[in-house]
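Values below: all heavy atoms of this structure, side chains included; hydrogens, waters and symmetry mates excluded. Every value quoted in this text rests on a predicted model; they were computed, and no experiment measured them.
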Amino acid sequence: MNATIDHRQLYRLPWSLPDNAIAWLEPTKKCNLACLGCYRENDPRGHKTLDEVRHDLDVFERFRTVDGVSIAGGDPLVHPEIVEIVRMVAQDGLKPIVNTNGLALTEKLLGELKDAGVAGFTFHVDSKQGRPGWKQADEIELCELRQHYAEMVAAAGGMGCSFNATVYEDTLRYVPDVLQWAQRNIEIVNTIVFIAFRAGVVGNDFDHYVRGEPVDFSTVPYATTDQTPHELQSTDIVAEIRKRFGDFAPAAYLNGTERPDTFKWLLGGRLGAKGKIYGYVGPRSMELAQSAHHLATGRYLAYTRPQTLSHGRAMLLLSALDPCLRTIARRWLAAGGRRPSRLLERLHFQSVMIIQPADIYEDGRQNMCDGCPDMTVWNDRLVWSCRLEEPERFGDFVQMVPKSG
């Protein structure tokens, strides 16, 4: 069941190819897990040198104005010089965010990364990763592991903590449980992200070409001969969330390159205290945050320090500009009337994001994220990180052509 969302009622995030919130840096292809939904080949020799990382950062500086750098892979924590890479990003005046499965994170390494200037961590945790000790765990049980990482980062202090999970048809029902776990930990979990699963289909429907020459698409890691359609949409995830959280409302979006009414990124934000959510901010709040940050710094906002996110009561001062904030303020005051101690609690802002990767239509068109934040560097070009294997293997992105007859 799809949720009905009118993109004209949301704030279209202003991110573009040259002026974006994020850059996606991949210092390694090596990983210590083999996740079902991964789009990167695991290459144990795949570490970049510091000079190569420096070159990638210089390409970003030349082509793309950003606020933060997602340091990904592979898993970046297996790179032997990850601390220096984080320091390099921070010295450029950008916010380094480490995207990791967390398996290699120790308290010692966490402290070194903090000293190097890391702004935060995004932990990818889901039930299709084949984690040692967790192979039979479902998404609810994995909240114990999420709790471990969240508390570990919180104990070190001063760094953001986010989680993402790939959502499959058979794990969709767990999305509200993970969101409820995040709600209980709103003071230490800043963002929760759900990513709809996609795979590139290799079958009888398409021929595959690069610059007019046929290629064997089956060699890329995200290709599959499984003809089962994986058509989970971002709106399906919204609909599942609303079964338990009826007032859940995204406020901002990125559309697709082929269809402007598709929701490739949906971004919402909620204000609350531990165990209590007062509501979701509206499009005007998202627009104010992006516009004000760009006006002040020349960059669109990607990451906010957790100390700032804990001052949610200050956001209520903008209620005159956002009707959704007025609703939150009324609920908060009403809760305070019933229990005055509520008015003394810190209000925290927590982001909820839903991502819908590339869609392949029957005519071969590929609907990508318009204004994609996760662009990376290949041969001095900015390219989609989720399809990086294609130019690396074939020299450019693959075009899909329906077979006649």
Side-chain angles (χ1 to χ4, degrees), residues 17 24 26 28-31 33-46 48 56 72-75 99 124 126 128-130 164 166-170 195-234 236 254-259 262 264-265 355-405:
L17 184 63
W24 186 271
E26 295 200 5
T28 184
K29 285 187 175 183
K30 184 177 180 179
C31 192
L33 283 179
C35 306
L36 177 61
C38 187
Y39 47 75
R40 188 70 69 247
E41 182 180 33
N42 190 344
D43 184 352
R45 304 162 300 172
K48 289 184 178 179
D56 284 355
D75 194 287
N99 288 29
H124 190 106
D126 68 51
K128 306 287 189 178
Q129 292 178 300
N164 61 31
T166 304
V167 180
Y168 304 81
E169 283 84 353
D170 62 337
I195 307 166
F197 173 66
R198 285 292 186 277
V201 177
V202 179
N204 298 322
D205 295 334
F206 295 104
D207 288 319
H208 302 87
Y209 295 90
V210 171
R211 299 174 182 169
E213 296 295 327
V215 296
D216 182 5
F217 185 68
S218 66
T219 62
V220 300
Y222 42 85
T224 177
T225 56
D226 178 10
Q227 298 299 301
T228 304
H230 298 287
E231 298 178 349
L232 196 63
Q233 305 290 304
S234 56
D236 293 318
L254 285 178
N255 55 280
T257 53
E258 296 293 331
R259 286 186 52 187
T262 50
K264 308 301 286 183
W265 286 52
I355 300 175
Q356 179 178 310
D359 298 297
I360 302 171
Y361 297 137
E362 291 183 357
D363 59 4
R365 288 180 300 149
Q366 297 149 334
N367 194 34
M368 305 301 295
C369 304
D370 189 12
C372 173
D374 296 340
M375 302 296 282
T376 193
V377 174
W378 175 78
N379 279 7
D380 291 357
R381 287 171 50 189
L382 298 181
V383 298
W384 290 299
S385 61
C386 64
R387 295 176 60 188
L388 179 59
E389 295 289 338
E390 296 171 36
E392 286 193 337
R393 289 168 188 264
F394 309 125
D396 215 329
F397 291 107
V398 173
Q399 292 180 304
M400 298 185 179
V401 180
K403 291 184 177 180
S404 59

Discussion item. Can you tell me how far apart CG (D205) and CD (E362) are? Round to the nearest 0.5 Å.
Written reply: 8.5 Å

Worksheet item: Between N379 (side chain) and R381 (backbone), is there a donor-acceptor pair under 3.5 Å?
Response: no

Practice prompt. Tell me, with the steps shown, if M400 and F217 meet side chain to side chain contact (heavy atoms under 4.5 Å, CB included).
Written response: CA-CA 10 Å; M400 298 185 179; F217 185 68; 3.7 Å; yes

Worksheet item: For C31 and G74, which heavy atoms make the closest approach, and how far apart are they?
Response: CB-CA, 4.1 Å

Discussion item. Applying side chain to side chain donor-acceptor pair (under 3.5 Å), can you list everything that pairs with D207, at least two apart in sequence or on another chain?
Written reply: none

Worksheet item: Going by atom types alone, do E258 and Q366 pair a side-chain donor with an acceptor below 3.5 Å?
Response: no

Worksheet item: Any idea which heavy atoms bring D396 and V210 closest together, and the distance?
Response: CB-CG1, 3.7 Å

Fill in: For the student: nearest non-hydrogen atoms of P221 and R40, plus distance
CG-C, 3.9 Å

Discussion item. So does S234 get a backbone contact from the side chain of Q356, meaning a donor-acceptor N/O pair under 3.5 Å?
Written reply: yes

Practice prompt. List the steps, then state whether side chain to side chain contact (heavy atoms under 4.5 Å, CB included) holds for V401 with Y209.
Written response: CA-CA 8 Å; V401 180; Y209 295 90; 3.7 Å; yes

Worksheet item: Can you list the residues that meet the salt bridge (charged side-chain N to carboxylate O under 4.0 Å, His left out) rule with D359, with sequence neighbours excluded?
Response: R198, K264

Fill in: Within-4.5 Å side-chain heavy-atom neighbours: Y39 and S385
yes

Worksheet entry | L382, V377, L388, N99 screened by side chain to side chain contact (heavy atoms under 4.5 Å, CB included) with W24, the one that passes | N99

Worksheet entry | Closest contact, heavy atoms only, L254 versus P373 | CD1-CD, 3.8 Å

Worksheet entry | Side chain to side chain, K30 and N42, heavy atoms closer than 4.5 Å | yes

Fill in: Contact check, side chains of C369 and M375, non-hydrogen atoms, under 4.5 Å
no

Fill in: Under-4.0 Å salt bridge between D126 and K128
no

Fill in: Results of side chain to side chain contact (heavy atoms under 4.5 Å, CB included) for A358 - residues two or more places apart only
M368

Item to complete: Would you list the pairs meeting ring pair (Phe, Tyr, Trp, His ring centres under 6.0 Å) in which at least one residue belongs to residues 370-399, sequence neighbours left out?
Response: W384-F397

Discussion item. Is a donor from one side chain sitting under 3.5 angstrom from an acceptor on the other, for N367 and T262?
Written reply: yes

Response to the item:
For P402, the side chain to side chain contact (heavy atoms under 4.5 Å, CB included) test, sequence neighbours excluded, returns F206

Worksheet item: Nearest heavy-atom pair of R393 and T219: which atoms, and what distance?
Response: NH1-O, 2.8 Å

Discussion item. Between I195 and V167, is there a side-chain heavy-atom distance shorter than 4.5 Å?
Written reply: no

Fill in: Heavy-atom pair with the smallest gap, counting every atom of N255 and R259
CB-O, 4.2 Å

Worksheet item: Is the backbone N or O of V398 less than 3.5 Å from a side-chain atom of E390, with the two atoms forming a donor-acceptor pair by type?
Response: yes

Worksheet item: Can you list the residues that meet the side chain to side chain donor-acceptor pair (under 3.5 Å) rule with N164, with sequence neighbours excluded?
Response: H124

Worksheet item: In terms of heavy-atom contacts, does CD of Q399 have more than 12 from other residues, nucleotides or ligands at under 6.0 Å?
Response: no

